[in-house]
> 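Starting off with a structure, shown below.
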Amino acid sequence: MSKIANRLQELRIALPPAAAPVANYVPYVITGNLLVISGQVCFGPDGKLAPEHTGKLGGSVSAEQGKAAARLCALNLLAQAQAALGDLDRITRCVRLGGFINATPDFTALPAIMNGASDTMVEILGDKGRHARSTVGMAVLPMDCAVEVEAMFEFA
């Protein structure tokens, strides 16, 4: 068993199946030694959006629910990486995460919500999970989900 698979087992985390695209795009692109993964929404293990992960931060979605939604996005990103690379141990670095938070105009705690995804990458990948990132508030996201996250990984 690979190192990352062992780590997931230790953490009692099962990656969901990689989600199929919902529009005219591909779930990931490999160019050179970079894996770029399209934005992943906060689908749960059942492939559905939970009611508590739809709506706006600063509105119907609490900060705790938003952080949990960002964590789900990170797990969906790793599921896509698994589908693309076959083995998460091939990841040498999480280069970048881009976070999109469905938020009311006055909600300013965007970085704390995005930490749900960032913390998950480090928890699972260790130092290879440390990354650059951007986090922005959005007026709306697909399916009214609370959070969407995209990623770029370097791999060998």
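In this text, all values refer to a predicted model and were calculated from it rather than measured experimentally. Hydrogens, waters and symmetry mates are skipped; everything else that's a heavy atom, side chains included, is used.
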> Among residues two or more places apart or on two chains, list those pairs meeting salt bridge (Lys or Arg N to Asp or Glu O under 4.0 Å) that have a residue in residues 19-36.
none
> Identify the heavy atoms of Asp89 and Ser2 that sit nearest to each other, and give their distance.
OD2-CB, 2.9 Å
> Does a side-chain heavy-atom distance below 4.5 Å link Asn102 with Val147?
no
> Please name the pair of heavy atoms, one in Thr135 and one in Pro111, separated by the smallest distance, quoted to 0.1 Å.
CG2-N, 4.5 Å
> Mind listing the side-chain donor-acceptor pairs of residues 10-28 below 3.5 Å, one per line with the distance, residues two or more places apart or on another chain?
unit_1, atom_1, unit_2, atom_2, d
Glu10, OE1, Arg7, NH1, 3.3
Tyr25, OH, Val22, N, 3.3

> Does a side-chain heavy-atom distance below 4.5 Å link Leu97 with Met114?
yes
> Would Leu75 end up clustered with Ile101 when hydrophobic side chains under 4.5 Å apart are linked, directly or stepwise?
yes
> Determine which pairs satisfy salt bridge (Lys or Arg N to Asp or Glu O under 4.0 Å) with at least one residue from residues 128-149, sequence neighbours left out, and list them in order.
Asp127-Arg130
> Ignoring hydrogens and angles, write down the donor-acceptor pairs under 3.5 Å from the side chains of residues 149-156, residues two or more places apart or on other chains.
unit_1, atom_1, unit_2, atom_2, d
Glu150, OE2, Arg96, NH1, 3.3
Glu154, OE1, Thr92, OG1, 3.1
Glu154, OE2, Asn33, ND2, 3.4

> What are the two closest non-hydrogen atoms of Cys94 and Met121, and how far apart are they?
SG-CG, 4.4 Å
> I need the Ile4 CD1 to Leu78 CG distance, nearest 0.5 Å.
8.5 Å
> Hydrophobic clusters join Ile, Leu, Val, Met, Phe, Trp and Tyr when side-chain heavy atoms are under 4.5 Å apart, directly or via other members; which others share one with Val140?
none
> With side-chain contact (heavy atoms from CB on, under 4.5 Å) as the test, would you mind laying out the steps for Leu88 and Ile124 before giving the verdict?
CA-CA 10 Å; Leu88 293 176; Ile124 294 170; 5.7 Å; no
> Sorted by first residue and then second, give each salt bridge (Lys or Arg N to Asp or Glu O under 4.0 Å) pair with at least one member in residues 107-123; sequence neighbours left out.
Lys67-Asp119, Arg71-Glu123
> Please report the shortest heavy-atom distance between Ile37 and Ala81, naming the atom on each side.
CD1-N, 3.7 Å
> Residues sharing Val41's hydrophobic cluster, by side-chain heavy-atom contacts under 4.5 Å among ILVMFWY, directly or via others?
Phe43, Leu49, Met143
> Testing the basics here: between Ala69 and Cys42, what is the closest heavy-atom pair and its distance to 0.1 Å?
O-CB, 3.3 Å
> Are side-chain heavy atoms of Ile113 and Phe107 found at a separation under 4.5 Å?
yes
> Any idea which heavy atoms bring Gly55 and Val61 closest together, and the distance?
C-CG2, 3.6 Å
> The criterion is salt bridge (charged side-chain N to carboxylate O under 4.0 Å, His left out); which residues satisfy it with Lys56, sequence neighbours excluded?
none
> As a quick check of understanding, evaluate side-chain contact (heavy atoms from CB on, under 4.5 Å) for Gln40 and Leu72, giving each step before the final call.
CA-CA 9 Å; Gln40 300 295 300; Leu72 289 173; over 6 Å; no
> For Asp87, check salt bridge (charged side-chain N to carboxylate O under 4.0 Å, His left out) against everything at least two apart and list the hits.
none
> Could you pull out all residues at least two apart from Ser62 that satisfy side chain to side chain contact (heavy atoms under 4.5 Å, CB included)?
Glu64, Gln65
> How many angstroms lie between OG in Ser134 and CG in Leu110, if you round to the nearest 0.5 Å?
12.0 Å
> If you define the side chain from C-beta out and look only at heavy atoms, does anything of Leu85 sit under 4.5 Å from Ile91?
yes
> Taking side chain as C-beta onward, heavy atoms only, is His131 less than 4.5 Å from Ser118?
yes
> Going by side-chain hydrogen bond (donor to acceptor under 3.5 Å, both in side chains), name the residues that satisfy it together with Ser60, two or more places apart in sequence or in a different chain.
none
> With rounding to the nearest 0.5 Å, note down the distance linking OG1 in Thr120 to CG in Leu125.
10.0 Å
> Under the side chain to side chain contact (heavy atoms under 4.5 Å, CB included) test, which residues partner Ala112, sequence neighbours left out?
none
